[in-house]
2 protein chains.
Amino acid sequence: MSSERTYHHGDLRRAVLSAALDVIRAEGPSAVRLRDLARRAGVSHAAPAHHFKDRTGLLTAIAAEGYELLADALSEAPDLRERGVAYVRFALGHPAHFQVMFQPELHRRDDSGLLAAKERASAELRAGITTLDTVPEPRTAGIAAWSLAHGFATLLLTHNLDEPVGDRDPADAFRSLADLLFAPGAVQVPGK
Amino acid sequence: MSSERTYHHGDLRRAVLSAALDVIRAEGPSAVRLRDLARRAGVSHAAPAHHFKDRTGLLTAIAAEGYELLADALSEAPDLRERGVAYVRFALGHPAHFQVMFQPELHRRDDSGLLAAKERASAELRAGITTLDTVPEPRTAGIAAWSLAHGFATLLLTHNLDEPVGDRDPADAFRSLADLLFAPGAVQVPGK
DNA sequence: CCGCAATCTAGGCATTGACAAGTTCAGCGA
DNA sequence: TCGCTGAACTTGTCAATGCCTAGATTGCGG
């Protein structure tokens, strides 16, 4: 915060991550330039490499952090519907993480930290489905729930639902969708 | 196909597009290099620029073409459920287009061709919802259907559903999900 | 057959990611 | 307190890339 320039930055890793998240939020992952992040942090152009190895390493770290945050968020939700809400909230609250998480070409797939974090989030996702004991096909219902939440979040982030959702609270809007999935008889197909 | 080298390529635009789609399918949009595409087409490094202006122009053209293809695919489906199936089929059949379409930072947002194509696809999407006349909230149902299809397709493409879906035909798998949305009483929430 | 515009080539510049080698510094043991 | 060691950071460099400009080639309409 103070403008003192020491040889050692103090928390360059965090500073670079933070700057990268800013850039991604504004212009997407493709706009991330290692040298630019270094400039923003006030260090030399090669300094970030010491913390992340290379560009892919940085993006992998962001993805891993994202899965950790997602796992945390999911674990706090009581039932499946609220887990879906938490999923959407996470995506909107951490758009940069979310984008990078779901572009596998950007990461090092075999990174141990990433795999561990992804597994944690995955476990939380599965745990949510067990809330639905009485459902005939919990696996199908789980995929449906995840698809619904993921699709809604993605479409929101890509500005494809700006008019239909408008000023409405996205979490509330998602609850309406989830009710369609799990409240019996809410929707009838004409010819069925 | 033949190795004759003429000054004029003949269909460089198509060749560059096609090469770009190959690259995107294999390594994502960030791996697209204009100079590389030129090499693959056997032309000089600046030739593609004449057809697409710049990298963003190329990706914009791909997105526009994608929306055209999507609109075509949707228009052929009879009802809302099959329109969802068509949506998923499109995403799996044209993964490169799909990826680029839903990364707005990669296009020139104000491109007229893109806007027109997007509007066409959007209209087809809305048209599908009118199939559900008797539904209390068609708008909500429409968003739900789109979210479900989009989320399912995205998760499939990012290899997040490899185990759960496995060898099953994705189209069939999606029909199960869609039935959960629109077949009343298929799923019951315990405490409701 | 001419000329013109579309298509493509050639060269150059600034920027970038990655690498190698050197510099600064903080902490730790004797 | 001293000196050492390794982590954190800097400086310099290279190949590759996007984009720009100027020039060469060619097909096509008049």
Side-chain angles (χ1 to χ4, degrees), chain A residues 1-24 26-63 100 103 105-108 111 113, chain B residues 1-24 26-63 100 103 105-108 111 113:
Chain A
M1 307 312 151
S2 62
S3 60
E4 43 176 341
R5 299 274 280 78
T6 57
Y7 193 92
H8 284 69
H9 180 283
D11 197 2
L12 182 58
R13 186 187 155 87
R14 192 67 251 164
V16 169
L17 277 174
S18 172
L21 292 170
D22 285 347
V23 172
I24 296 171
E27 307 173 63
S30 58
V32 168
R33 247 112 247 181
L34 250 28
R35 286 169 116 101
D36 176 47
L37 303 181
R39 248 165 307 192
R40 291 174 186 234
V43 296
S44 82
H45 62 87
H50 202 274
H51 293 273
F52 301 103
K53 166 82 175 166
D54 55 14
R55 217 184 90 105
T56 303
L58 169 62
L59 294 173
T60 302
I62 289 177
V100 175
Q103 281 181 262
E105 322 86 39
L106 301 180
H107 338 139
R108 220 175 303 279
D111 180 87
Chain B
M1 302 311 160
S2 63
S3 60
E4 41 176 341
R5 298 275 280 73
T6 58
Y7 193 93
H8 282 66
H9 179 283
D11 197 1
L12 182 57
R13 186 187 156 88
R14 192 68 251 166
V16 169
L17 277 173
S18 172
L21 292 170
D22 285 347
V23 172
I24 297 170
E27 308 173 61
S30 58
V32 168
R33 245 114 251 181
L34 249 28
R35 285 170 116 102
D36 176 47
L37 303 181
R39 261 180 305 245
R40 291 174 186 235
V43 295
S44 83
H45 61 88
H50 201 272
H51 293 272
F52 302 102
K53 166 81 175 168
D54 55 16
R55 217 184 90 105
T56 303
L58 168 62
L59 294 172
T60 303
I62 289 177
V100 175
Q103 281 181 261
E105 321 85 40
L106 301 180
H107 341 137
R108 218 174 304 279
D111 180 86

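All values derive from a computational prediction rather than experimental measurement. We name chains A, B, ... by the order of the sequence lines, and we start the count at 1 in each one.
- Between B/Asp54 and B/Arg108, at least one side-chain nitrogen of the basic residue sits less than 4.0 Å from a carboxylate oxygen of the acidic one, meeting the salt-bridge criterion.
- Regarding A/Arg40, its CZ atom lies at a distance of 12 Å from the P atom of C/dT16, rounded to whole Å.
- Within the 4.5 Å cutoff, no side-chain heavy atoms of A/Glu105 are placed close to those of B/Glu27.
- At the heavy-atom level, B/Arg39 lies under 4.0 Å from the strands shown only through sugar-phosphate atoms.
- Atom CG of A/Leu58 is separated from atom C1' of C/dG17 by 13 Å (rounded to the nearest Å).
- Side-chain atoms of A/His51 lie closest to D/dC9 of the nucleotides D/dC9, D/dC20, C/dC8.
- Across every non-hydrogen atom of B/Leu58 and B/Leu34, the tightest pair is CD2-CD1, 3.8 Å.
- The NZ-P distance, from A/Lys53 to D/dA7, rounds to 15 Å in whole Å.
- Here the C1' atom of nucleotide C/dT16 and the CG atom of A/Asp54 are 14 Å apart, to the nearest Å.
- B/Arg33 places a side-chain N or O within 3.5 Å of a backbone atom of B/Ser30 that can act as its donor or acceptor partner.
- For the side chain to side chain contact (heavy atoms under 4.5 Å, CB included) with A/Val32, the qualifying choice from A/Leu37, A/Asp22, A/Leu21 is A/Leu37, the only one to do so.
- Within the 4.0 Å cut-off from OP1 or OP2 of D/dA8, at least one side-chain nitrogen or oxygen of A/His50 is found.
- Between C/dC8, D/dT11, D/dC9, one nucleotide has an atom nearer to the side chain of A/Ala47 than all others, and that is D/dC9.
- Rounded to a whole Å, the CZ atom of B/Arg55 is 14 Å from the P atom of C/dT16.
- Within the 3.5 Å criterion, the main-chain N or O of A/Val100 finds a donor-acceptor partner in the side chain of A/His107.
- Note: CZ (B/Phe52) to C1' (D/dT17) measures 18 Å, nearest angstrom.
- In the region residues 26-36 of chain B, proximity to DNA chain D at under 4.0 angstrom, judged on heavy atoms, holds for B/Val32, B/Arg33, B/Leu34, B/Arg35.
- In this structure, A/His45 reaches the bases: a heavy-atom distance under 4.0 Å links it to at least one base atom across the strands shown.
- Within the 4.5 Å cutoff, the side chain of A/Leu59 has no heavy atoms near those of the A/Phe52 side chain.
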